[in-house]
Every structure is written in structure tokens, then in C-alpha cells.
Enquirer: 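What follows is a structure written as C-alpha cells; I'll ask about it next.
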Number of protein chains: 2
Amino acid sequence: MPASPQHSPRSRRERPAKAALSREVIVATAVAVMRAEGLRKVTMRRLAQELDTGPASLYVYVRNTDELHAAVLDELLGTVPPAPDGGTWRQRLEHVLVACTGMLLAHPELARAALTARPRGPHYLNLIETLLALLDEGGVPRAQAAWGVDLLLQHAVATAAEHAGGDDPEEWEQLIGVLRRAADDPTRPHIAAAAHALLSGTPENRVSWAFQTLINGIERTAVPE
Amino acid sequence: MPASPQHSPRSRRERPAKAALSREVIVATAVAVMRAEGLRKVTMRRLAQELDTGPASLYVYVRNTDELHAAVLDELLGTVPPAPDGGTWRQRLEHVLVACTGMLLAHPELARAALTARPRGPHYLNLIETLLALLDEGGVPRAQAAWGVDLLLQHAVATAAEHAGGDDPEEWEQLIGVLRRAADDPTRPHIAAAAHALLSGTPENRVSWAFQTLINGIERTAVPE
DNA sequence: ACCTGAACACCGTTCAAGT
DNA sequence: ACCTGAACACCGTTCAAGT
């Protein structure tokens with residue numbers, strides 16, 4: 001077994017013998033480049049450069065850039081730790097989802113890509129299996145559990161995707177300013193009354209509340225027919 | 001009052017006297033180009049061409065491409081019709097959210113952009129005011145209503161964003177294939193049991209169920225402290 | 001202050017040609 | 001079948017210079 005390519009993001013300098021092209025080495029290289037420089041640099045051209053070939057060569061193994069990004073995400077999904085043994089099914093479910101969100105938050109650009117190009121690799125299926133198992137353990141009817149999994153994963157991915165493109169601190173200031181002005185505006189009384197609540201809470205509290213809210217809703221809402 | 005620029009996406013041919021540059025004409029031109037050719041074509045360079053100037057000129061009025069996209073979305077938010085008069089608060093709330101999702105689904109690329117660059121214009125604030133008012137009418141405590149609005153809008157935006165980049169029919173086939181194979185795999189029994197439910201339902205049913213689920217959860221889940 | 005041409009440093013994807 | 005160089009048709013953003 002050769003050394004895992006993830007841990008040696010080979011620079012143009014120290015490249016050893018040229019590796020044969022394959023979907024696997026392309027995805028592995030993509031993961032390495034992403035870890036080192038972010039998803040923005042995971043482009044067909046850059047990967048081709050990294051692999052000592054022209055961009056056209058990659059299209060033999062990968063349909064397009066989106067499919068490549070989806071493959072990278074599936075790889076990363078493999079790094080989410082399994083649910084811990086202790087606790088209720090709710091606690092374990094929330095734990096897995098928070099862990100998943102945390103992983104995605106470490107790669108917001110990837111989350112953004114995943115929203116459009118859903119992964120469909122083995123790690124993704126394992127995650128769905130885990131979530132379904134926990135909901136089943138909680139006695140949630142199969143149909144709403146199935147639809148609920150979509151909702152839970154969508155929230156995890158979207159929450160992370162919101163942080164793509166770098167969190168401009170000035171943009172946050174502006175939002176606070178807009179809300180403060182709206183709070184003094186008599187034509188929007190509910191925003192005025194809720195201004196504090198709209199901005200309150202730590203990110204952790206909000207993520208935790210959101211998943212509890214989703215789980216509570218999923219438990220109680222039957223699918224049509 | 002001059003004719004609304006939204007309705008005359010001036011081609012390079014029929015351009016009248018060159019309009020003075022301003023944030024307003026830039027955003028209006030962006031909306032026109034988006035309606036005519038999609039958000040992908042709403043680029044700094046293309047807009048500059050449309051306005052008979054160089055791309056650098058736009059940076060006087062717009063910080064970057066993301067901010068421009070957010071401004072376009074706020075404009076579109078103005079086209080979402082208000083809640084109808086009849087029905088319960090739940091029905092009206094769901095109605096507004098479905099209408100909002102529908103508008104976003106007509107512009108999935110925009111929804112994708114909105115996930116990262118939140119709009120903060122007047123139409124966005126009006127929408128939040130509407131949602132808060134309906135939740136208040138339903139007796140939902142202020143704090144969880146405020147956090148809930150975020151969750152509801154995130155779902156609307158994310159649902160639409162999932163359709164960005166064109167819905168490849170072949171990709172859908174592949175997902176069905178993956179799930180069918182997973183259904184025969186004894187190592188993932190819950191997916192096997194839920195395979196049908198995972199794929200069932202019309203888009204309309206799913207969106208409606210999702211919002212009901214969110215509202216049910218928001219009603220019942222208190223924020224910490 | 002506002003506007004601009006030109007430049008810098010890139011993109012995704014396709015295609016005809018090679019092996 | 002697999003691989004490639006080169007090309008096509010673009011990007012965002014910055015900067016020095018003009019008005």
C-alpha cells in the first residue's frame with residue numbers, strides 16, 4: 001500500500017514518478033489541494049497542472065467540475081465520527097448532525113457546491129443509514145423519517161454554505177445597522193420588537209436549537225397520504 | 001418617470017443616449033440581463049458592456065459580484081405577493097413561504113448566491129416583518145419566532161439553490177440507481193426499508209410538508225435560557 | 001470624485017490530432 | 001481507449017492615468 005496521497009500535497013518541486021491518471025488519483029489530488037488552499041483552487045486546470053497533464057485529460061474520468069466537488073465531499077464525509085454510544089436517540093442524532101455541520105463548516109465552499117451537486121458515494125449512504133437508524137430507534141414513522149433526513153442534511157449543508165466566500169466582518173456590522181434602523185421604524189413593528197432576538201445566541205446555540213426544532217417537527221408531522 | 005428599465009433589456013443595437021452610471025441603473029440592468037439570460041450572465045464584464053463602459057467603472061457603486069447578486073435578489077423579493085386574507089395564520093404563513101420558494105425556484109442561481117450574500121434591502125425586511133407578524137398571530141413566543149424566521153427562509157433559499165446549475169436528468173437516474181442498489185445491500189437495512197419513501201412525493205408535497213414540519217418544530221421548541 | 005483602458009491572473013470546456 | 005496541446009470564449013479585480 002503506497003503512502004496516502006492526502007498527506008503529501010506534492011508541490012511542483014518534489015514530484016516523484018508521474019502517477020497514472022485515474023478517478024482515484026484525481027479525487028485524492030483534489031482533496032489535497034483543497035486542504036492546502038481551499039476549494040476555490042480545486043479547478044480542472046490546477047488539478048491538471050498538479051498531475052502534470054492538460055485539463056482535457058481529466059474529462060475522461062470526471063464529467064465536470066461539480067461532479068468533482070461532489071466526489072471530494074463524499075471523501076470528507078468519511079471523516080465524520082460515528083454516533084457515541086451513550087445518551088438517548090435524540091442526543092445521539094443531534095450529536096451526529098452537529099459533527100457533520102462542523103465538518104462542513106470547515107469547508108464552506110464545499111458545502112455550497114454540495115447543495116447543487118449532491119454526493120452519492122458510500123460515505124453519504126452511510127450517513128443516511130445512520131440518521132434513518134436513529135430516527136427509527138426514536139419511533140419516528142418511516143415515511144416522515146425518510147423525508148426528514150433530507151431536511152436535516154439540507155440544514156447542515158446550508159448552514160455551512162452560508163459561510164462560503166469568507167465572513168466579511170463589515171457585512172455583519174451592516175446587517176446590525178440595518179436591523180437597528182428597522183427597530184426604530186414604526187412601519188415594521190415586529191422587527192422592532194424582535195430585533196434583539198434576531199441577533200441573539202451563539203452559533204452553537206443556534207445550530208443546536210435548529211436541529212432540535214427540526215427533529216421535533218419531523219416527529220410530529222405526517223407525510224400526505 | 002421614465003419607462004422602467006426592467007422591461008427594455010436594451011441590446012447593443014438599440015441603445016439610446018448613454019445613461020449616467022449609478023447603483024440603480026447597474027442593479028436594474030443586472031435584473032434585465034438576469035431575466036433575459038440567467039444569473040450566469042450577470043457578470044461585471046457583461047454589465048459594463050451593456051452599460052457601454054469598462055468593468056472597473058462598476059466598482060465605484062458595487063463592492064463585488066456577490067453584493068451585486070444580493071441587490072438583484074432584494075429587487076425580486078419585491079415581486080412576492082403578500083399573504084392572502086383568508087385562512088388561518090398557519091395557512092397564510094405556508095402560503096407566503098411557498099410563494100417565496102416558487103419565486104426563488106424560478107431563479108435557482110440567484111438562490112445559490114443569496115445563501116452566501118444575504119440581501120438586506122427593504123423587500124427583505126418586509127418579508128421578515130410579514131413572517132414575524134404571522135408567527136406572532138399564531139402565539140409563537142418572540143424569541144423562537146425570530147430564530148424560526150431564519151430557519152424558514154434558509155429552507156426556502158436552500159431548496160431553490162439545490163436546483164442551480166440545471167437539473168441533469170441523468171444525475172437523477174443515477175441517484176435512483178444508487179438507492180436501488182443500496183436497497184439490496186444487507187449492510188444498510190434502513191435505507192433498504194426506506195428506499196421508496198426516500199424517493200416518494202411530488203416536489204409540491206415535499207415543500208409543503210417541509211414548511212409544516214418547520215412550523216410545528218418552531219412552535220414547540222424553546223430557545224435556550 | 002468619477003471614470004476608464006489595459007493589464008494581471010486566471011477560469012471551464014471542446015476538439016482535432018496523436019499514441 | 002486514453003491522452004494531449006491548443007484554442008475558444010470567457011471571468012473578477014486592480015491600477016495608473018485621465019477628466
Side-chain angles (χ1 to χ4, degrees), chain A residues 11-12 15 17-30 33-34 36-72 108-110 112-114 116-117 164-166 168 170-171, chain B residues 11-12 15 17-30 33-34 36-72 108-110 112-114 116-117 164-166 168 170-171:
Chain A
S11 78
R12 263 120 309 171
R15 194 189 333 276
K18 188 176 168 180
L21 233 42
S22 71
R23 195 172 210 275
E24 282 72 32
V25 312
I26 292 171
V27 172
T29 308
V33 171
M34 193 206 58
E37 307 181 46
L39 190 72
R40 232 186 22 195
K41 300 283 186 176
V42 180
T43 66
M44 293 306 220
R45 288 178 108 102
R46 173 64 195 278
L47 252 33
Q49 197 188 101
E50 208 76 18
L51 291 164
D52 246 345
T53 182
S57 307
L58 306 182
Y59 285 81
V60 178
Y61 304 98
V62 158
R63 186 191 307 279
N64 55 34
T65 308
D66 274 357
E67 200 205 283
L68 177 66
H69 288 169
V72 169
E109 314 275 353
L110 196 64
R112 187 182 204 184
T116 345
D168 193 348
E170 193 181 331
E171 200 182 346
Chain B
S11 78
R12 263 122 309 171
R15 195 189 330 278
K18 187 176 168 179
L21 232 43
S22 71
R23 195 175 212 272
E24 283 71 33
V25 313
I26 293 171
V27 173
T29 308
V33 171
M34 194 205 58
E37 307 182 46
L39 190 71
R40 231 188 20 195
K41 300 282 186 177
V42 180
T43 66
M44 293 304 220
R45 289 179 107 103
R46 172 64 193 278
L47 253 33
Q49 196 188 101
E50 208 75 20
L51 292 164
D52 246 344
T53 182
S57 308
L58 307 182
Y59 286 82
V60 177
Y61 304 97
V62 158
R63 186 192 305 278
N64 55 36
T65 308
D66 275 357
E67 200 204 282
L68 178 66
H69 288 169
V72 169
E109 315 273 353
L110 197 63
R112 188 183 202 183
T116 347
D168 191 349
E170 192 181 331
E171 199 181 346

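The analysis underlying the following values was restricted to heavy atoms, covering all of them including side chains, and did not include hydrogens, waters or symmetry mates.
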Enquirer: Flag the pair A:E67 and A:R23 as a salt bridge only when some basic side-chain nitrogen lies within less than 4.0 angstrom of an acidic carboxylate oxygen.
Expert: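 Salt bridge: yes.
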Enquirer: Out of C:dT13, D:dT13, C:dG5, which has the shortest distance to the side chain of A:R45?
Expert: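 Nearest to the side-chain atoms of A:R45, counting from C-beta on, is C:dT13.
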Enquirer: Is it the case that the side chain of B:T29 and the backbone of B:V25 share a donor-acceptor pair, with hydrogens and angles ignored and the cut-off at 3.5 Å?
Expert: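 Pair found, side chain donor or acceptor close to backbone of B:V25.
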Enquirer: From the list D:dC2, C:dC11, D:dC11, which nucleotide is the closest neighbour of the side chain of A:R46?
Expert: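 From the listed options, C:dC11 comes nearest.
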Enquirer: I need the CD-P distance between B:Q49 and C:dT4, as an integer number of Å.
Expert: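 B:Q49 atom CD is separated from C:dT4 atom P by 14 Å.
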Enquirer: Identify the nucleotide, in any strand shown, that forms a Watson-Crick or G-U wobble pair with C:dA1, with both distances under 3.5 Å; if there is none, say none.
Expert: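 C:dA1 is paired with D:dT19.
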Enquirer: Could you check how far OH of A:Y59 sits from P of D:dG5, rounded to whole Å?
Expert: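 Checked: the OH to P distance equals 16 Å.
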Enquirer: How many whole angstroms separate atom CD1 of A:I26 from atom C1' of D:dC3?
Expert: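 After rounding, the reported distance stands at 11 Å.
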Enquirer: With a 4.5 Å limit on heavy-atom distance, are the side chains of A:T65 and A:T43 in contact?
Expert: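 They are not in contact (no side-chain heavy atoms under 4.5 Å apart), so the answer is no.
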Enquirer: Hey, which sits more toward the 5' end of DNA chain D by its nearest nucleotide, A:G54 or B:N64?
Expert: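 Final value for this comparison: A:G54.
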Enquirer: Which nucleotide in the set D:dC3, C:dC3, D:dG12 lies at the smallest distance from any side-chain heavy atom of B:L21?
Expert: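 Nearest listed nucleotide: C:dC3.
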Enquirer: Pairing check on D:dT13: which nucleotide meets the Watson-Crick or G-U wobble criteria with it, both distances under 3.5 Å?
Expert: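 For D:dT13, the partner nucleotide comes out as C:dA7, under the 3.5 Å rule.
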Enquirer: Could you please name the option among D:dT14, C:dG12, C:dC3 that lies closest to any side-chain atom of A:T65?
Expert: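 The answer is C:dG12, which lies nearest to the side chain.
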Enquirer: Indicate, with a heavy-atom threshold strictly under 4.0 Å, whether A:S57 touches base, sugar-phosphate, or nothing.
Expert: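 Base contact.
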Enquirer: Please state how far atom CE in B:M44 lies from atom P in C:dA7, giving the value in whole angstrom units.
Expert: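 To the nearest whole Å, that distance equals 21 Å.
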Enquirer: Testing the basics here: between B:V42 and B:A30, what is the closest heavy-atom pair and its distance to 0.1 Å?
Expert: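 That closest heavy-atom pairing would be CG2-O, 3.6 Å.
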Enquirer: Starting at CZ of A:R23 and ending at P of D:dA1, how long is that distance when rounded to a whole Å?
Expert: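 It works out to 20 Å between those atoms.
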Enquirer: NZ of A:K41 versus C1' of C:dG12: gap in Å, rounded?
Expert: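 From A:K41 NZ to C:dG12 C1': 16 Å.
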Enquirer: Is there side-chain contact between B:M44 and B:Y59, with at least one heavy-atom pair below 4.5 Å?
Expert: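 In short, these two side chains touch, coming nearer than 4.5 Å.
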Enquirer: Side chain of A:T43 only, heavy atoms from C-beta on: which candidate in D:dC2, D:dG12, C:dC11 is closest?
Expert: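 Ranking D:dC2, D:dG12, C:dC11 by closest atom to the A:T43 side chain puts C:dC11 first.
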Enquirer: Starting at CD of B:E37 and ending at P of D:dC11, how long is that distance when rounded to a whole Å?
Expert: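 Going from CD in B:E37 over to P in D:dC11 covers 11 Å.
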Enquirer: Closest to the A:P55 side chain: D:dG5, D:dC15, C:dT13?
Expert: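 Taking heavy atoms from C-beta onward, the closest nucleotide is C:dT13.
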Enquirer: Taking the nucleotide of DNA chain C with the nearest heavy atom to each, does B:V60 or A:V42 sit closer to the 5' end?
Expert: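 Counting from the 5' end, the first nearest nucleotide belongs to B:V60.
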Enquirer: Pick the C1' atom in C:dA9 and in D:dC10, then give their distance to the nearest Å.
Expert: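 The answer is 14 Å between these two C1' atoms.
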Enquirer: Taking CG from B:L58 and P from D:dT14, how many angstroms apart are they, rounded to a whole number?
Expert: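 So the CG-P distance, B:L58 to D:dT14, works out to 13 Å.
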